[in-house]
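Take a look at the structure set out below.
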Amino acid sequence: MRKFFIAGNWKMNLLRDSSVALVHQLLAQLNSSNNVDVAVCPPNVYLHDVGVALRGSLIRLGAQNVHHAAEGAFTGEVSCSMLQEFGCSYVILGHSERRAIFGETDLDVNTKLKAVLKSSMTPIVCVGETLAQREAGSTQTVVRGQCTHSLAGLTAEQMTKTVLAYEPVWAIGTGKTATPAQAEEVHADIRQLLESMFDRTVANSVVIQYGGSVKADNANELLSQPNIDGALVGGASLKAESFLPILEAALKIMK
Ligand code: PGA
């Protein structure tokens, strides 16, 4: 049985005081429940403050990126052990902004993924096509390619510990959302691919989030799709009044 997982990707937004204030608002208003997993992923410099504010709550802490090496001369980078010291439970990998702006490849994602899986953190691996790729009819090929290469070499056990996020690039931060049918089609196809790479049990156990302009008014429909197991939320995660309704929608549907 898969559990809904809603994560807020704050990207490079909010300063320290507003980050902590947001956490306090979420905790004050959240209907605490073990039935939905929830995480927030602030910029690294606020992991400590946000982690302290979350202490003892059901909301988990996540990071937006990590370096694969354990330590060394990697100016500006942060390792898995460092994130764990801050109490991180999740790490987002291969977000489309990392891929497009910072040149991360599937091989980079794969290397980072293996490092995260050696830690006790849960990776969230992002995949998704651009508008040009969708319009060219290559969504399936692109997404399957990203999954195949990013997940290469994983054992079945490692796969079940990995979260995937399907995020069509054209829907990220644009206000355009994939229709529930468009999203479900890709999610179902990813699950089929997982079945062919691993087996049906593994495919059925992997949590696949949808991301791309998820908001209060579309969360219910998206999360009601059989193969959509949660949301990776950018813009709407920056305010309690836009993030909480998404959590409430998940709690209501609860598979
Ligand atoms: P968005 O971002 O919700 O602002 O579209 C989603 C994401 O980038 O994960």
Side-chain angles (χ1 to χ4, degrees), residues 4-14 18-19 22 26 36-44 46 50 59-66 88-104 108-109 112-113 116 122-131 133-134 139 142-143 146-147 150 162-180 182-184 186-187 190 207-223 225 228-250:
F4 274 131
F5 174 34
I6 310 290
N9 173 11
W10 293 359
K11 308 191 181 182
M12 200 174 73
N13 293 298
L14 303 177
S18 39
S19 299
L22 172 55
L26 292 177
V36 174
D37 289 326
V38 184
V40 292
C41 307
N44 285 349
Y46 302 129
V50 171
I59 302 183
R60 299 273 163 269
L61 188 64
Q64 302 172 15
N65 183 29
V66 73
C88 281
S89 304
Y90 296 96
V91 190
I92 300 171
L93 297 177
H95 187 280
S96 72
E97 286 147 20
R98 300 288 329 158
R99 292 174 184 264
I101 306 170
F102 301 100
E104 281 188 17
D108 295 325
V109 176
K112 288 171 186 231
L113 174 57
V116 174
T122 300
I124 304 172
V125 175
C126 305
V127 296
E129 81 289 359
T130 63
L131 184 58
Q133 289 165 334
R134 174 160 283 266
T139 298
V142 169
V143 173
Q146 288 174 331
C147 289
S150 302
T162 300
V163 171
L164 297 180
Y166 168 58
E167 301 203 299
V169 179
W170 49 272
I172 295 177
T174 58
K176 286 186 202 161
T177 322
T179 63
Q182 279 174 324
E184 170 61 19
V186 178
H187 281 239
I190 293 174
V207 168
I208 311 177
Q209 297 177 311
Y210 169 79
S213 300
V214 177
K215 303 213 162 29
D217 59 6
N218 57 30
N220 181 56
E221 247 197 311
L222 285 162
L223 295 173
Q225 302 303 309
I228 299 184
D229 310 314
L232 184 53
V233 187
S237 71
L238 298 173
K239 287 190 175 149
E241 61 264 34
S242 44
F243 193 50
L244 285 166
I246 299 171
L247 301 179
E248 298 297 339

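Just so you know, ligand 1 is whichever comes first in the structure, and atom 1 is the first atom listed for that ligand.
Remark: ligand 1 atoms within the under-4.0 Å shell around heavy atoms of S213 are 1 (P), 3 (O), 5 (O). Listed by atom number, the atoms of ligand 1 under 4.0 Å from G235 heavy atoms are 1 (P), 3 (O), 4 (O). Atoms of ligand 1 found under 4.0 Å from any heavy atom of A171, numbered from 1 in the order shown, are 5 (O). Annotation for ligand 1: atoms under 4.0 Å from non-hydrogen atoms of G212 are 5 (O).
For the atom pair W170 CH2 and K176 NZ, the distance stands at 8.0 Å (nearest 0.5 Å).
Remark: side-chain polar atoms of S150 are paired, donor with acceptor, to backbone N or O of Q146 under 3.5 angstrom. Under the 3.5 Å distance criterion, the side-chain polar atoms of T162 are left unmatched by any main-chain donor or acceptor of P123.
In this structure, the protein non-hydrogen atom closest to atom 9 (O) of ligand 1 is E167 OE2, 2.6 Å.
Ring-plane geometry between Y210 and H187 is classed as tilted, the angle between the planes lying from 30 to 60 degrees on a 0 to 90 degree scale.
In this structure, A165 does not count as a contact residue of ligand 1, since none of its heavy atoms falls inside 4.0 Å of the ligand. Ligand 1 lies within reach of K11, whose nearest heavy atom is under 4.0 Å from it. Using a 4.0 Å cutoff on heavy atoms, A236 does not count as a contact of ligand 1.
Across the listed options G173, G234, S237, G173 owns the non-hydrogen atom lying nearest to atom 5 (O) of ligand 1.
Close N/O approach between H95 and ligand 1 is found [any backbone or side-chain N/O within under 3.5 Å].
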Under 3.5 Å, which donor-acceptor pairs link side chains of residues 232-241 to any protein atom two or more places apart or in another chain?
unit_1	atom_1	unit_2	atom_2	d
S237	OG	V233	O	3.2
S237	OG	G234	O	2.7

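The salt bridge (charged side-chain N to carboxylate O under 4.0 Å, His left out) search around E104 returns R98, K112, not counting sequence neighbours.
At least one side-chain heavy atom of V40 sits under 4.5 Å from a side-chain heavy atom of L26.
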